[in-house]
Amino acid sequence: MLHPEDGILHAYLDGECDDSERAEVEEHLHSCTECRARLEAAKGIGLEAGSLLGELEPESIQAPPWHELEQLAAERQRATLLAEEKESTRSAAPFWRIPALAWAASLVVAFGLGWLVSTDFPGTAMEPERLSMRDLQAQSELPAAASEELDAVHESFESRDDELRANRPATAPGQDQPRRDRDAGGLAAADEIAQAAAGEGKVLDRAEGLEEAEPLSAPALEAQAPAELPAEPPADPATVVGAVSKDESGARQRETETPEVRAVQAFAARKKTDAAGAKEQEIVPATAAAPEARQRSVVAEAEPEAVPEVALEENVAAGRGGYQAFLGNFAAPVTGDDFRPVSAVGFVSVSPESAAVWLGVPLRILPDLTLLRVEVGPGSVVDAAIAGRPLVALFYEDAAGQRVTLIQQHSAGPASGSTALRRSVAAPATIVTPSGLLAYRWQDLDYHLTLIGELSSDALRALADRVR
Amino acid sequence: MDLSQVYREHYRSLVRFLYRRTGDQGRAEDLAQEAFVRAIEHQPTQPRAWLFQVAANLARDEGRRLAVRRRHLSLVRDEVIKQRPPRPDVQLERKEKQELVQAALAELSPRDRDGLLLWEEGFSYDEIAEMLGLSRGSVGTTLARARTRLAETYRHLTGAAGSDARSRSDVAP
């Protein structure tokens, strides 16, 4: 062997030679005095360098608590997303950035559901689930005044139903056969029908109220709307329940082509101001908007489905959708054996402290139960929640292993002056989820709360009283 | 590995790495926290190596911005050293020694310095090779060069500082 290079000698001293290398070096050293001296010199240099670096030892290090760093990360993402949102609404965006169809689609949903129910949280997202328009028509209790536009809304809502079913993951237990029968939820459904009958006509009031009484509400809400996305989307798509299926783009394509969407677009255009009118000029199919949306890194990674459809100001007013998706995301994993780390698209586990930062207010909790996990995610991902606001889900278990999920959002923030959001107090309601679970929803101190679990409605109500 | 656990186990190491890079503990802590905040956002699969790489980049970027200012400061410091009367103060000696080691470290090429500091923080040759984009075989060479340069530069600086000290004591009242 030739004399080994200095690098080899250092690697040898560092214990980073492999076996054959080490054998070679040792064999050579055995016969070469010169290299033995070099080895000693290298050893001395190494010790000296190490000791010199040892002089550079920081003094007592104060490590901030970990949750402070988490909060910092959350706050920063809020700011970033807020800035992005502002930029995209302010700048003369290229046509593919304007979520025109999304905006129209959200109106479809808003009008459709607002017409359907009047006693849900105004301006928020809770809607009666599983009450298809077909069911309602069969009741023939529909108000007679349904206009063409509302007819369009009908069918559009139906098609959204279909889309939601198509997107429902095959892995979610109990959801393979969407339950359209109402026997299990007869009581709630009957209530909803009565409410629907009484609620016709209020929708327009509400929409106009938002525009007239509070001309500044949209910018204010936008400014206040926290970046609703959690820090990092789940890396492994396999862990995501409710991931967007491949059918989705097709479903959306169909939706873009339906005449009812065009009808609502036209209707919406009439109601909108100049700026909105400009948007309408540039309506493009959502499928064309999708690639751009995916480039918006965090947002796109977290919720490829929701992004193209979300415009904050519209969603605050119109952030509602199928309750099936909502409960499908949360109800299934809680009861299934496979207790998933992430329950919905764009949701991540966080510490309770971080969740409170996301929410902007203290968490409501169930003090008597064991908290298994806290997740935070964008409201826009979960239908029937307030889009544009973070949603926190607390997963609990009692001593007997019974699991229940407490979902919460908060509607009043420092910048929220919207009386439209709190014009009335919603009546508490029990709802049957598609998977057969009961959910109990109510409103308390600007918190929108829902409890879901394998429990009777009485038990859920009793549990709701224990929420602190 | 859970990031909060990485934080508990390696925050100190990261601060030390950055302190040796920047010579400023306050900045080292700021940069270390910044690296962890970014890790929360990115959720890297190899958090420890990722953190050190990001931290090194942060220090480098900041270093570029501060280069002019630091040159100015070192001139000022030279003035201070020349004017300072010698005192047999142990703390002061340690501080001076630290400054000299820092100065010697600054003489290394960035890659040599990073390699050496990463080794000191317990990274293996394989990890260092990956982080610095070197072949595994050249890590030993890099470390050999870095150690030699550090020791020689330090000796050179102490020699210069020693003669400085002597000349200062000569002129001291």
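Worth saying up front: this structure is predicted, and the values here are computed from it rather than measured.
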* Asked: Is a side-chain donor-acceptor pair under 3.5 Å present for B:Glu107 with B:Thr153?
  ->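 On atom types as modelled, these side chains do not qualify, holding no pair under 3.5 Å.
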* How long is the span from the CD atom in A:Glu24 to the CG atom in A:Asp19, to the nearest 0.5 Å? ->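 A:Glu24 atom CD to A:Asp19 atom CG measures 12.0 Å (nearest 0.5 Å).
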* To do: Starting at CZ of B:Arg8, measure out to CG of B:Asp2 and round the result to the nearest 0.5 Å.
  =>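 Between B:Arg8 CZ and B:Asp2 CG, I get 7.0 Å after rounding to 0.5 Å.
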* Quick one: which of B:Arg145, B:Gln98, B:Arg149 has the most heavy-atom pairs under 4.5 Å with chain A, could you say? =>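 Most heavy-atom pairs within the cutoff with chain A belong to B:Gln98.
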Examine whether an atom of [X] lies under 4.5 Å from a heavy atom of chain B, and if so say whether it belongs to the side chain, the backbone or both; otherwise answer neither.
| X | result |
| --- | --- |
| A:Glu59 | both |
| A:Ala42 | neither |
| A:Ser354 | neither |

* Electrostatic pair B:Arg38-B:Glu41, nearest N-O below 4.0 angstrom ->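 Between B:Glu41 and B:Arg38 there is no salt bridge, as every charged N stays at least 4.0 Å from the carboxylate O atoms.
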* Asked: Should B:Asp114 and B:Arg21 count as an ion pair when the cut-off is N to O under 4.0 Å?
  ->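 Judged by the 4.0 Å cut-off on N to carboxylate O distance, B:Asp114 and B:Arg21 do form a salt bridge.
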* Donor-acceptor contact below 3.5 Å, side chain B:Arg16 vs main chain A:Glu57 ->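 No, because the side chain of B:Arg16 does not come within donor-acceptor range (under 3.5 Å) of the backbone of A:Glu57.
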* Between the main-chain N or O of A:Pro58 and the side-chain N or O of B:Gln25, is there a donor-acceptor pair closer than 3.5 Å? ->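 No.
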* Mind ranking A:Asp14, A:Ile61, A:Leu72, A:Leu13 by heavy-atom pairs under 4.5 Å with chain B and telling me who comes out on top? =>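 The answer is A:Asp14.
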* Out of A:Glu55, A:Glu16, A:His10, A:Glu48, which one racks up the most heavy-atom pairs below 4.5 Å with chain B? ->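 Heavy-atom pairs under 4.5 Å are most numerous for A:Glu16.
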Does any heavy atom of chain A fall under 4.5 Å from the side chain of [X], the backbone, both, or neither of them?
| X | value |
| --- | --- |
| B:Tyr125 | both |
| B:Ser124 | both |
| B:Leu18 | neither |

